[in-house]
Amino acid sequence: MDRLPNPAWLRSFESAARHLNFTTTARELGLTQTAVSLHIRSLEAELGQKLFTRNARRLELTELGQSYSLTVRRALADIALSTNSLFGPASLQTLTIRAAISTATYWIAAELPRFTEQHPDIPVRVVSHIWNDSVAPGDVDVEIRLGYGDWPGVRSEKLTEEKLVPICRATGRTPDLEQLKDAPLIHILGYEDNWARYFQANGIAAPDKASRHSVDTSVAALQLVMAGAGCATILERFARNVIRQGTPIAIAGPAVPFAQSHYLISSHATSQPTAAAGLFCSWLRDGLAANVTD
């Protein structure tokens with residue numbers, strides 16, 4: 001490994017280079033003046049060069065010390081920037097929300113600005129189920145799942161009743177249900193029967209033809225619809241959010257009930273929720289209760 005002096009010595013050196021005073025440096029770092037002086041002497045011994053000229057009343061950096069201080073300061077600043085970017089400032093408690101990628105993209109992301117406006121001091125991190133190793137289960141503050149609420153080993157609280165709608169690319173003329181039946185139909189893996197259930201709910205026999213496109217997320221299905229590859233079924237909640245955001249799709253038929261719902265999930269072993277998680281869950285419930293059309 002490349003030569004790297006003790007990080008504690010470097011931290012003391014960087015501070016002393018700014019203040020040119022060991023007493024002020026000790027106060028900033030929460031050390032004694034003796035400890036700071038020892039760090040500097042140890043660093044100079046390690047490098048084999050003097051970094052400071054010690055005069056009777058003041059410190060001065062040597063030419064080598066001046067050059068080295070700029071490098072050390074920049075390196076410590078890079079570490080601090082990366083730490084804050086990845087893990088957040090130590091004074092703030094990050095709220096971690098986990099959800100399926102479609103739920104995170106088409107529902108949670110659309111709601112978060114309002115939560116942040118009310119709670120600007122709470123940083124939020126959203127992770128999807130496709131990155132199961134990105135955070136440990138114990139580090140997830142709020143989990144939202146779409147399903148039937150029957151997952152083993154967890155408590156589930158129903159948040160929503162969902163409806164299903166067909167979507168097509170917005171062209172100014174929305175097809176009726178008979179025309180929709182003849183359109184290229186995009187299927188979502190795991191929900192292949194959605195089209196059959198949708199047509200059945202509207203009293204129409206499902207078309208007996210193979211699907212031209214199958215994808216594994218509503219996100220991919222919506223992208224295909226936007227590209228003009230066909231029509232898809234997604235949750236009405238998702239469709240209305242993306243339309244409000246200006247996405248060029250249109251709802252191509254009446255909404256029908258969907259058997260699955262969104263649930264708040266907590267493990268039986270989970271301790272009390274964090275304050276940030278409690279605020280978010282209360283805010284989410286209040287918003288859903290106030291908006292009876294969702």
Sidechain-backbone polar pair: [X] side chain, [Y] backbone, donor-acceptor under 3.5 Å:
{"X": "Ser156", "Y": "Gly149", "value": "yes"}
{"X": "His187", "Y": "Glu192", "value": "yes"}
{"X": "Ser69", "Y": "Gln66", "value": "yes"}
{"X": "Asn202", "Y": "Ile204", "value": "no"}
{"X": "Ser261", "Y": "Glu161", "value": "no"}
{"X": "Lys181", "Y": "Ala205", "value": "yes"}

Any side-chain heavy-atom pair from [X] and [Y] closer than 4.5 angstrom?
{"X": "Pro207", "Y": "Trp195", "result": "no"}
{"X": "Arg73", "Y": "Arg18", "result": "yes"}
{"X": "Leu31", "Y": "His39", "result": "yes"}
{"X": "Asn21", "Y": "Leu59", "result": "no"}
{"X": "Gln223", "Y": "Met226", "result": "yes"}
{"X": "Leu112", "Y": "Ile108", "result": "yes"}
{"X": "Val215", "Y": "Ile188", "result": "yes"}
{"X": "Leu10", "Y": "Tyr68", "result": "yes"}

(request) Please state whether the rings of Trp151 and Tyr263 are parallel, tilted or perpendicular, taking 30° and 60° as the class boundaries. (result) perpendicular
(request) Name the orientation class of the two ring planes belonging to His262 and Trp107 (parallel below 30°, tilted from 30 to 60°, perpendicular beyond 60°). (result) tilted
[X] to [Y] - nearest heavy-atom pair and separation:
{"X": "Gln33", "Y": "Ala26", "value": "N-CB, 3.7 Å"}
{"X": "Glu28", "Y": "Ser15", "value": "OE2-OG, 2.7 Å"}
{"X": "Phe13", "Y": "Ile40", "value": "CA-CD1, 3.5 Å"}
{"X": "Cys168", "Y": "Cys231", "value": "CB-SG, 3.5 Å"}
{"X": "Tyr106", "Y": "Val219", "value": "OH-CA, 3.4 Å"}
{"X": "Ala229", "Y": "Pro184", "value": "O-CB, 3.6 Å"}

(message) Please evaluate residues Leu264 and Arg285 with respect to the criterion side-chain contact (heavy atoms from CB on, under 4.5 Å), reporting the C-alpha separation (whole Å), side-chain torsions for both, the decisive distance (0.1 Å), and the verdict.
(response) CA-CA 10 Å; Leu264 273 178; Arg285 294 185 193 100; 3.7 Å; yes
[atom1]-[atom2] distance between [X] and [Y], expressed to the nearest 0.5 angstrom:
{"X": "Leu288", "Y": "Arg237", "atom1": "CG", "atom2": "CZ", "value": "6.0 Å"}
{"X": "Leu51", "Y": "Thr62", "atom1": "CG", "atom2": "OG1", "value": "5.5 Å"}
{"X": "Leu95", "Y": "Asp141", "atom1": "CG", "atom2": "CG", "value": "5.0 Å"}
{"X": "Thr103", "Y": "Arg98", "atom1": "OG1", "atom2": "CZ", "value": "13.0 Å"}
{"X": "Ile101", "Y": "Thr217", "atom1": "CD1", "atom2": "OG1", "value": "6.0 Å"}
{"X": "Glu157", "Y": "Ile144", "atom1": "CD", "atom2": "CD1", "value": "10.5 Å"}

(request) Using salt bridge (Lys or Arg N to Asp or Glu O under 4.0 Å) as the criterion, list what pairs up with Arg169, not counting sequence neighbours. (result) none
(request) Report the residues that fulfil salt bridge (Lys or Arg N to Asp or Glu O under 4.0 Å) with Asp193, sequence neighbours left out, ordered by chain and then residue number. (result) Arg197
Strictly by modelled atom types, are [X] and [Y] linked by a side-chain donor-acceptor pair under 3.5 Å?
{"X": "Gln245", "Y": "Thr247", "answer": "no"}
{"X": "Thr53", "Y": "Glu60", "answer": "no"}
{"X": "Thr24", "Y": "His19", "answer": "no"}

(message) Checking Phe280 now: which residues fulfil ring-ring contact (aromatic ring centres under 6.0 Å, His included) with it, not counting sequence neighbours?
(response) Phe115, Trp283
(message) Walk me through whether Cys281 and Val142 qualify under side-chain contact (heavy atoms from CB on, under 4.5 Å).
(response) CA-CA 8 Å; Cys281 291; Val142 177; 3.9 Å; yes
(request) Quick one: do Phe52 and Leu20 satisfy side-chain contact (heavy atoms from CB on, under 4.5 Å)? Show the steps, please. (result) CA-CA 9 Å; Phe52 292 96; Leu20 297 177; 4.1 Å; yes
(request) Establish whether Leu70 and Leu4 are linked, either directly or via other cluster members, by ILVMFWY side-chain heavy-atom contacts under 4.5 Å. (result) no
(request) Step by step, work out the side-chain contact (heavy atoms from CB on, under 4.5 Å) result for Arg212 and Ile186. (result) CA-CA 7 Å; Arg212 180 180 298 175; Ile186 299 166; over 6 Å; no
